[in-house]
Amino acid sequence: MKIAVVGTGYVGLVSGTCFAETGNIVTCIDIDKGKIDKLSYGVVTIYEPGLEKLCERNLKEDRLKFTTSLSEGIKDAQIIFLALPTPPGEDGSADLKYVLGVANDLGKLIEPGNFTVIVDKSTVPVGTAERVAGAIVQHSNGRLVEGKDFDVVSNPEFLREGVAVDDFMKPDRVVIGALTDQAKQIMGHLYAPYVRQCNPILFMDRRSAELTKYAANSFLATKITFMNEVARICELLGADVDMVRRGMGSDERIGKRFLFPGIGYGGSCFPKDVQALAKSAEEVSYNFRILEAVMNVNEEQKTYIIPRIKKYFNGNLKGKHFALWGLAFKPNTDDIREAPALYIIRELLNAGATIKAYDPEAMDNVRALLGDSIEFADNPYEALKNADGLIIATEWNEFRTPEFDKVGSLLKNKVVFDGRNLFDLQLMKELNFYYYSIGRETINPK
Ligand code: NAD
């Protein structure tokens, strides 16, 4: 099939490349010329394990192309995906200007007669498919009829950055909300190679498909937040959240995943999607109280570690110097959007401390954002030199079993504030570290 993907970011590039991998002819479109130039030469613009190889192969075999021209990119495309940003607007609702802007252009460009499927892959509020269809009809000057010349499908994306290629190639489920049987058939055919292991394609109406994405992300954000509150209460009551987590997770109804406490959820999706769902509810006069609580608790959680650091240093961080391991909002990505590490950096700098950070993939993005307000190290150990303490903000695997002797000798004080609970408490006790982690006993050798 001939496919166009409009928006070549994390979702667009992964989707486009994975669609090409099963034999489709894909053109990815973006307004960012620098990005398109790099991609055309096979330089992948994001860090995503496995993506570079796939991209290279499909470019070489002419199944994958990149362009800045919408009209050129969508020419003869049977399916046009919209993988555009839907950032929060000033009031917290999803800003649809990118999606509707492209829909307006598509109204002028799509040819009548060929049934074209326009797919919302962006995370968009309930009712957006209808608005996209309306914009297309309006800008076609009466040339296009919904259901006859085109259909707008809601096909929300559930991939996780860091394992996006795997998630896309073997999704837990594919959700498709469509108006016409023809669009359902085309989408079913497109996704057939990705659901061979009997993972389902769930056909539904468009509104339900749109809401499914927000409900799923909000539920996951709630699960994380619930555990963060359990961790807080563990600290106050002298329980160990690791034990509690295992005890809870063994119950099949609860499940083992997403029960790890930490320094809050971040990234480009959970914060904005929880906010957008709360806003959608408000627009129909419903107060989604759980989501309000989730947002408030998570906001606090991102800097929850700061008062613990201050307490250790008797309330004064002026002149203190910290090593910071991890900047990305989670491991295996270079994405720093809403990363808790950024909130910790801001608080430490405001308190007069200095920071040397290390992250395997995200340092260029943080450098572009923060300039030289913090220092960057070439490896985790270099960051430790003469630091008053180590702070861990992202659970990259390479931080899990460091050479503790080296860590202890490079740091000025053997002090670790671990926002991701990477280390064994008994080990830290034996190694004589001061060790604070979330929801567990604080190890204090003094
Ligand atoms: P992104 O910012 O990485 O990519 C969006 C791309 O769209 C950018 O490259 C931008 O230059 C381009 N763009 C903007 N306006 C354009 C236009 N008029 N024409 C062509 N290109 C244009 O965003 P993303 O992370 O890929 O997210 C896209 C959507 O997918 C969002 O709605 C997001 O919520 C959703 N989503 C994201 C993830 C994720 O993990 N990142 C997962 C599931 C769903």
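Count residues from 1 along the sequence. Order of appearance sets the numbers: ligands from 1, and atoms from 1 within every ligand.
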Within 6.0 angstrom of Glu52 CD, more than 12 heavy atoms from elsewhere: no
message: Atom CZ of residue position Phe203 - does it have more than 12 heavy atoms of other residues, nucleotides or ligands inside 6.0 Å?
response: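 More than 12 within 6.0 Å, yes.
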In terms of side-chain geometry, is the basic nitrogen of [X] or [Y] positioned less than 4.0 Å from the acidic oxygen of its partner?
X	Y	value
Arg253	Asp251	yes
Glu395	Arg400	no
Glu299	Lys302	yes

Provide, to 0.1 Å, the distance between [atom] and the closest protein heavy atom, together with that atom's residue and name.
atom	result
atom 4 (O) of ligand 1	Gly9 CA, 3.2 Å
atom 39 (C) of ligand 1	Glu161 OE2, 3.4 Å
atom 11 (O) of ligand 1	Asp30 OD1, 2.7 Å
atom 29 (C) of ligand 1	Leu84 O, 3.3 Å
atom 2 (O) of ligand 1	Arg337 NH1, 3.4 Å
atom 43 (C) of ligand 1	Glu157 O, 3.2 Å
atom 19 (N) of ligand 1	Ile31 CG2, 3.6 Å

Check [X] against ligand 1 and report side chain, backbone, both or neither, counting heavy atoms closer than 4.0 Å.
X	answer
Val102	side chain
Lys33	neither
Ala164	neither
Tyr98	side chain

Closer than 4.0 Å to some heavy atom of [X] - which atoms of ligand 1 meet that?
X	value
Val6	19 (N), 20 (C)
Thr86	31 (C), 32 (O), 34 (O)
Ser268	41 (N)
Lys272	33 (C), 34 (O)

field: Nearest heavy-atom neighbours spanning Glu292 and Ala278
entry: OE2-CB, 3.9 Å
field: Shortest non-hydrogen separation from Gly249 to Leu259 and the atoms involved
entry: CA-CD1, 3.6 Å
query: Any side-chain donor-acceptor pair under 3.5 Å between Tyr10 and Asp334?
result: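 A pair is found: one side chain offers a donor N or O, the other an acceptor, under 3.5 Å apart.
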- request: Please check if any side-chain donor atom of Asn228 sits under 3.5 Å from a side-chain acceptor atom of Tyr304, or the reverse.
  value: no
message: Which residues pass the ring pair (Phe, Tyr, Trp, His ring centres under 6.0 Å) test with Phe417, not counting sequence neighbours?
response: Tyr434
message: Tell me whether Gly101 reaches ligand 1 (any heavy atom closer than 4.0 angstrom to a ligand atom).
response: no
field: Min heavy-atom dist Arg160 to ligand 1 below 4.0 Å
entry: no
- request: Find the distance between CG (Leu96) and OG (Ser122) and round it off to the nearest 0.5 Å.
  value: 9.0 Å
message: For Phe258, does the six-membered ring have the charged nitrogen or CZ of Lys223 within the cation-pi criterion, i.e. under 6.0 angstrom from the centroid and within 45° of the normal?
response: no
So is [X] polar-close to ligand 1, meaning N/O to N/O under 3.5 Å?
X	result
Lys213	no
Lys35	yes
Val11	yes
Lys121	no

- prompt: Quick one: are the ring centres of Tyr381 and Tyr358 less than 6.0 Å apart?
  reply: no
